[in-house]
Amino acid sequence: MTTTTPETARRDPRGAEPLLSVRDLTVTFKRQGEDPFVAVDGLSFDVRPGQTVGLVGESGCGKSVTSLAIMGLLPDRGNTVTGSVELDGRDLLTLSNKQMRDLRGSDIGMIFQDPLSSLNPVVPIGRQVTEVLERHKGMSRKSAKPVAREMLHKVGIPDPDRRLTEYPHQLSGGMRQRALIAMALACEPRMLIADEPTTALDVTIQAQILALLRELVEEMDTALIMITHDLGVVAGLCDEVNVLYGGRLVERGDRHPLFHDPHHPYTGGLLSSVPSLEGDAAERLNPVPGSVADNLPWTSSCAFAPRCSNAIERCREETPAAVASGDRVLRCFNPLGGQASPAESEEDRR
Amino acid sequence: MLRFIVRRLLQLVLVIFALSVLLFAWLKSLPGGTVSAMLGERATPESREALTKELGLDQPIPVQYWSFLKRAVQGDFGVSNGVQPGTPALDLLLERFPATIELSISALLVAVLLALPLGYLAARRRGGILDNVAIVGSLVGVAVPVFFLAFLLKYWFAIELGWMPVSGRQEVGNATRVTGFFVLDGLLTREWDASLDALKHLVLPAIALASIPFAMIFRITRASVLDVLDEDFVRTARSKGLTSRVIRGRHIMRNALLPVITAIGLQTGLLLGGAILTETVFNFPGIGNALSEGFTKRDYPVLQVIILAAAGVYVLVNLVVDILYAVVDPRVRTR
Ligand SMILES: Nc1ncnc2c1ncn2[C@@H]1O[C@H](COP(=O)(O)OP(=O)(O)O)[C@@H](O)[C@H]1O
Ligand code: SF4
Ligand SMILES: [Mg+2]
């Protein structure tokens, strides 16, 4: 299959220097009385200026931990982060707390899953927007107010003057997420991380928020990392999609080739449930039979093997390596369709 | 908001009314009745009868209550017959109440100013040295009886070390009285030494009285901050790159304060209990002292007026707490 640049992609990002470059990111949580838990395991991906990149995988695969590691928002204690996260060539993992504070909200914005709990219930919406401007743009509270008002207008909140003085509980779910987007984008960051921004919302509102995000990042030329467990969400949005399983990248590709011709059995499983948008929610949340509890250790096998319809003997004995061919990366011994070249094992590579 | 306040003020009147009925019933049920209580068991039948007539005790009960209420509204609660014989009960209250209020406010200030920052720090450094020390301190604060703590403080710092006065409210004899709050009076009249002297007299009783409120407010603050630290909106605040000062004040403490306000209100209401003990140990001339003396000397007019006043303050404190709560939490306002 030949890959053409999809016409809906905002720009052809190939060739541009990456804005964000994640290399071998590994996050390990220490657990009392148990072995350390590797939540993110050697993850690498790039985000180019203005590009929208998806991080997709079911709950627990390490998406949020990845985003928090990038933002420097993991808990102070109890974890180790290795690898590198370079923004414009500066490794964020080596920056001081103060340097990261200057960067958050200014160069990278973030929005979260549950808009109600993500907003401070006792501070007016307007104040929660102006405080970012005061912090990063050196504005006074007064001069930040019209900017905040404009921002609320921009994210499609009607009657922004009134909303500025209202509190989160007075807004609907969709409006709250819009307000959070306004806060995250107030300083026009070059990158936005959206961690499951629509999961807590009604289906119709989901579509509106996704459309708004697409419109805004396009208009402001902001790069976007879209995190979701739902491939349907990335379908209309992402230039490139990274599929994660058990903390590792299992497949990466441009959106169209990946959607039309998934090589990894897990990607295939996720995709098979996408068209039935009205389908049973539970089925869509867990489209692949079995659960992560069945996972094998990546260190001596393919973690997905117990749930994989394509598994062969080798899958339980060796670790498949992530192999790049063109823009595609694949980690599988026995890919779907048979056209893709199967991976060698990590053991062989050493 | 205004309607809310008016409604609560009406409730205040209602509570005071209900309390007056209870107090009246209590006076009626005293052993030997009011007359024995006032004249003692060995009074002559003639003087008993005279007083019975004078007090209108030969009238039907509702009439008696009505005249009791009429006198009360005019500020006539009878005359002290034990604590300060001959002084009208209301005058005694007005003279003593400021002392207790001054002491209570000092104790609350000590408790709150220590408990809030310590509670915050203990939560932030959960499991650390400070956390453990403060937890043990708060356990001690609750476990040691106020009476005993007051006595220890008096013995060490007043008697042994002589750093603080042993008893009373003020030694400066000719200080001008304005409000009855001695520290404030000194400031108003620029009699600095009088003010400082009154302040010195407050230190030890205030610390003793603060022990339990400190312990309770500290614990609630710590638990509440721990809860808030886990909240998503704190993560959002961090994701915006806000300074630690703004995150601490606007995002963590403003939310953590909600349960703390309730705790402070509750402890304020309970202060009178501690004040009785503290004032007795330090011979501090407040209503706590008058109350314990009134009980032993069966000074019913004094007991009655103090209990009424204390109940009124209790309800008033609750009103202030509710208003504060509504100020901090917009969800209460719009409900
Ligand atoms: N603070 C933490 N301490 C220990 N384990 C954690 C912590 N945060 C996340 N994890 C674990 O890391 C794994 C990945 O979590 P997460 O990134 O939140 O998944 P998701 O892909 O659903 O966002 C999960 O198994 C989770 O239990
Ligand atoms: S390596 Fe084997 S088990 Fe893993 S996804 Fe590929 S076929 Fe399935
Ligand atoms: Mg998540």
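Please read all numbers here as calculations on a predicted model, not as lab measurements. Chain identifiers are assigned alphabetically (A, B, ...) following the order of the sequence lines, protein sequences preceding nucleic acid strands; residue numbering begins at 1 within each chain.
- By the 4.5 Å heavy-atom criterion applied to side chains, A:Cys187 and A:Lys137 are counted as neighbours.
- Residue A:Arg135 touches chain B through its side chain alone, counting heavy-atom pairs closer than 4.5 Å.
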Start with the C-alpha gap between A:Ser84 and A:Asp91, add the side-chain angles, then the distance that decides, and say whether side-chain hydrogen bond (donor to acceptor under 3.5 Å, both in side chains) holds. CA-CA 6 Å; A:Ser84 66; A:Asp91 186 0; 4.8 Å; no
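- For A:Asn120, the parts lying near chain B are the backbone and the side chain together; criterion is any non-hydrogen pair under 4.5 Å.
- B:Asp329 has a carboxylate O that lies under 4.0 Å from a charged side-chain N of B:Arg331, or vice versa, which qualifies the two as a salt bridge.
- For residues 111-119 of chain A, the interface with chain B (any heavy-atom pair closer than 4.5 Å) comprises A:Phe112, A:Asp114, A:Ser117, A:Ser118, A:Leu119, sorted by residue number.
- Side-chain contact check for B:His251 versus A:Glu131: some heavy-atom pair is nearer than 4.5 Å.
- Interface remark: A:Met110 contributes backbone and side-chain atoms alike to the contact with chain B (heavy atom separation under 4.5 Å).
- Within the 4.5 Å cutoff, the side chain of A:Asn79 has no heavy atoms near those of the A:Val65 side chain.
- Both the backbone and the side chain of A:Gln128 come within contact range of chain B, each with at least one heavy atom under 4.5 Å from a heavy atom of that chain.
- Of the two parts of A:Ile193, neither the backbone nor the side chain holds a non-hydrogen atom closer than 4.5 Å to a non-hydrogen atom of chain B.
- We find that A:Asp195 and A:Lys63 are not joined by a salt bridge, their nearest charged nitrogen and carboxylate oxygen being 4.0 Å or further apart.
- If you measure heavy-atom distances from A:Leu103 to chain B, you find no contacts under 4.5 Å at all.
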Show me, pair by pair, the donor-acceptor contacts under 3.5 angstrom made by side chains of residues 112-120 of chain B, not counting sequence neighbours?
| residue | atom | partner | partner atom | Å |
| --- | --- | --- | --- | --- |
| B:Tyr120 | OH | B:Arg124 | NH1 | 3.0 |

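- Side chain of A:Arg141 to main chain of A:Thr130: no donor-acceptor pair is present (N/O by atom type, distance under 3.5 Å, no hydrogens or angles).
- Salt-bridge formation is detected for the pair A:Glu134/A:Arg127: a Lys NZ or Arg NE/NH1/NH2 atom is positioned less than 4.0 Å from an Asp or Glu carboxylate oxygen.
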